[in-house]
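Read the structure below first, then the notes.
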Amino acid sequence: QSQLVESGGGLVQPGGSLRLTCKASGFVVDYYAVGWFRQAPGKEREWVSCVSGSGGSTNYADSVKGRFTISRDSAKSMVYLQMNSLKPEDTAVYYCAAERDRIKTCVTTPGEYDKWGQGTQVTVSS
């Protein structure tokens with residue numbers, strides 16, 4: 001059974017950091033681009049960042065550029081989202097998603113992704 005499982009969410013003060021982890025199992029994640037999305041209460045799901053299957057291409061939403069870093073460890077079938085300088089507006093449920101056969105690039109459209117995790121809550125508050 002193929003699945004994605006997120007972890008690493010929690011409560012952090014403004015200016016703090018968290019590292020989210022997306023663990024893939026049941027499929028070869030090297031053939032998949034992986035994206036991170038988030039959804040705040042009452043808002044639509046928003047693309048945050050993505051990394052290509054090869055790991056050679058990354059992309060970030062303007063709202064997180066310079067603060068968040070995406071990376072992947074193929075040997076561990078994991079993708080990470082390092083989040084620094086967190087702001088209250090970063091509060092949301094964060095989801096990772098995988099798109100098959102996207103080796104050199106990654107995309108921002110949720111509908112392009114084939115697999116989704118269940119999400120992990122990130123709350124930024126003092």
Side-chain angles (χ1 to χ4, degrees):
Q1 179 182 359
S2 62
Q3 61 177 349
L4 297 170
V5 178
E6 303 94 336
S7 62
L11 173 64
V12 63
Q13 292 186 342
S17 298
L18 283 174
R19 187 177 79 158
L20 303 184
T21 298
C22 175
K23 170 67 175 175
S25 61
F27 65 101
V28 181
V29 71
D30 293 11
Y31 301 138
Y32 289 72
V34 175
W36 284 97
F37 295 79
R38 66 187 181 186
Q39 189 165 19
K43 296 187 177 181
E44 293 187 354
R45 190 165 295 189
E46 173 191 24
W47 169 75
V48 175
S49 180
C50 63
V51 59
S52 62
S54 69
S57 177
T58 59
N59 204 357
Y60 299 91
D62 288 342
S63 59
V64 306
K65 198 171 293 182
R67 300 189 297 123
F68 290 12
T69 303
I70 191 169
S71 61
R72 63 190 300 159
D73 184 337
S74 294
K76 296 181 179 179
S77 296
M78 287 187 176
V79 175
Y80 307 100
L81 186 68
Q82 178 67 43
M83 307 187 296
N84 299 327
S85 302
L86 283 161
K87 305 174 181 180
E89 51 263 43
D90 294 318
T91 296
V93 177
Y94 283 71
Y95 301 89
C96 67
E99 183 193 5
R100 184 176 179 177
D101 294 334
R102 182 75 71 169
I103 306 300
K104 295 185 178 181
T105 62
C106 61
V107 298
T108 67
T109 309
E112 297 290 329
Y113 287 81
D114 309 295
K115 304 180 188 295
W116 289 83
Q118 293 300 306
T120 185
Q121 176 70 47
V122 171
T123 302
V124 184
S125 175
S126 55

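Bear in mind the structure is a predicted one, so any value in this text is a computation, not a measurement. If you read the sequence from its start, that first residue is 1, and numbering goes on from there.
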- Query: Which heavy atom in G56 sits nearest to a heavy atom in S52, and how many Å separate them?
  - Reply: N-OG, 3.3 Å
- For the pair E89 and S63, evaluate side-chain contact (heavy atoms from CB on, under 4.5 Å) and give the outcome as yes or no after the intermediate values. CA-CA 10 Å; E89 51 263 43; S63 59; over 6 Å; no
- Would you find more than 12 non-hydrogen atoms of other residues, nucleotides or ligands less than 6.0 Å from K104 atom NZ? no
- Item | Within one Ile-Leu-Val-Met-Phe-Trp-Tyr cluster: Y94 and Y60, side-chain cutoff 4.5 Å | yes
- Message: With a sphere of 6.0 Å drawn around CD of Q118, does it hold more than 12 non-hydrogen atoms of other residues, nucleotides or ligands?
- Response: no
- For residues I70 and V34, report the shortest heavy-atom separation together with the two atoms involved. CD1-O, 4.0 Å
- Task: Report yes if some heavy atom in the side chain of Q82 is under 4.5 Å from a heavy atom in the side chain of Y80; otherwise report no.
- Result: no
- Query: Passes side chain to side chain donor-acceptor pair (under 3.5 Å), T123 versus S125? Steps please.
  - Reply: CA-CA 6 Å; T123 302; S125 175; over 6 Å; no
- Check: S85 main-chain N/O paired with R67 side-chain donor or acceptor under 3.5 Å: yes
Donor-acceptor pairs under 3.5 Å, side chain of residues 108-116 to any protein atom, not counting sequence neighbours: which ones?
unit_1	atom_1	unit_2	atom_2	d
Y113	OH	V107	O	2.6
D114	OD2	R100	N	2.6
K115	NZ	S2	OG	3.0

- Task: Indicate the atoms forming the closest heavy-atom contact of A33 with C106, along with that distance.
- Result: CB-CB, 3.9 Å
- Find out whether W36 and E6 are in side-chain contact, i.e. whether some heavy atom of one side chain is under 4.5 Å from a heavy atom of the other. yes
- When you look at CD of E44, are more than 12 heavy atoms from neighbouring residues, nucleotides or ligands closer to it than 6.0 Å? no
- Task: Indicate yes or no: at least one non-hydrogen side-chain atom of R102 is less than 4.5 angstrom from one of C50.
- Result: no
- Query: According to a 4.5 Å side-chain heavy-atom criterion applied to Ile, Leu, Val, Met, Phe, Trp and Tyr, with indirect links allowed, do M83 and Y95 form part of one hydrophobic cluster?
  - Reply: no
- Task: Say whether V51 and F68 are linked into one hydrophobic cluster, either directly or through other cluster members, by side-chain heavy-atom distances under 4.5 angstrom.
- Result: yes
- Answer yes if F37 and V79 sit in the same cluster of Ile, Leu, Val, Met, Phe, Trp and Tyr residues linked by side chain heavy atoms under 4.5 Å apart, and no otherwise. no
- Item | Separation of D101 CG from Y32 OH (nearest 0.5 Å) | 7.0 Å
Check residues 10-31 and write down every donor-acceptor pair under 3.5 Å in which the side-chain atom is one partner and the other belongs to a residue at least two apart or another chain.
unit_1	atom_1	unit_2	atom_2	d
S17	OG	N84	OD1	2.9
K23	NZ	K76	O	2.9
D30	OD1	S74	OG	3.3

- Task: Please lay out, stage by stage, how K87 and D90 fare under the test salt bridge (Lys or Arg N to Asp or Glu O under 4.0 Å).
- Result: CA-CA 5 Å; K87 305 174 181 180; D90 294 318; over 6 Å; no
- Should V93 and V122 be regarded as members of a common hydrophobic cluster, given that ILVMFWY residues are connected when their side-chain heavy atoms come within less than 4.5 Å of each other, either directly or indirectly? no
- Looking only at non-hydrogen atoms, find the nearest pair between R38 and A92 and report the distance. CB-CB, 3.8 Å
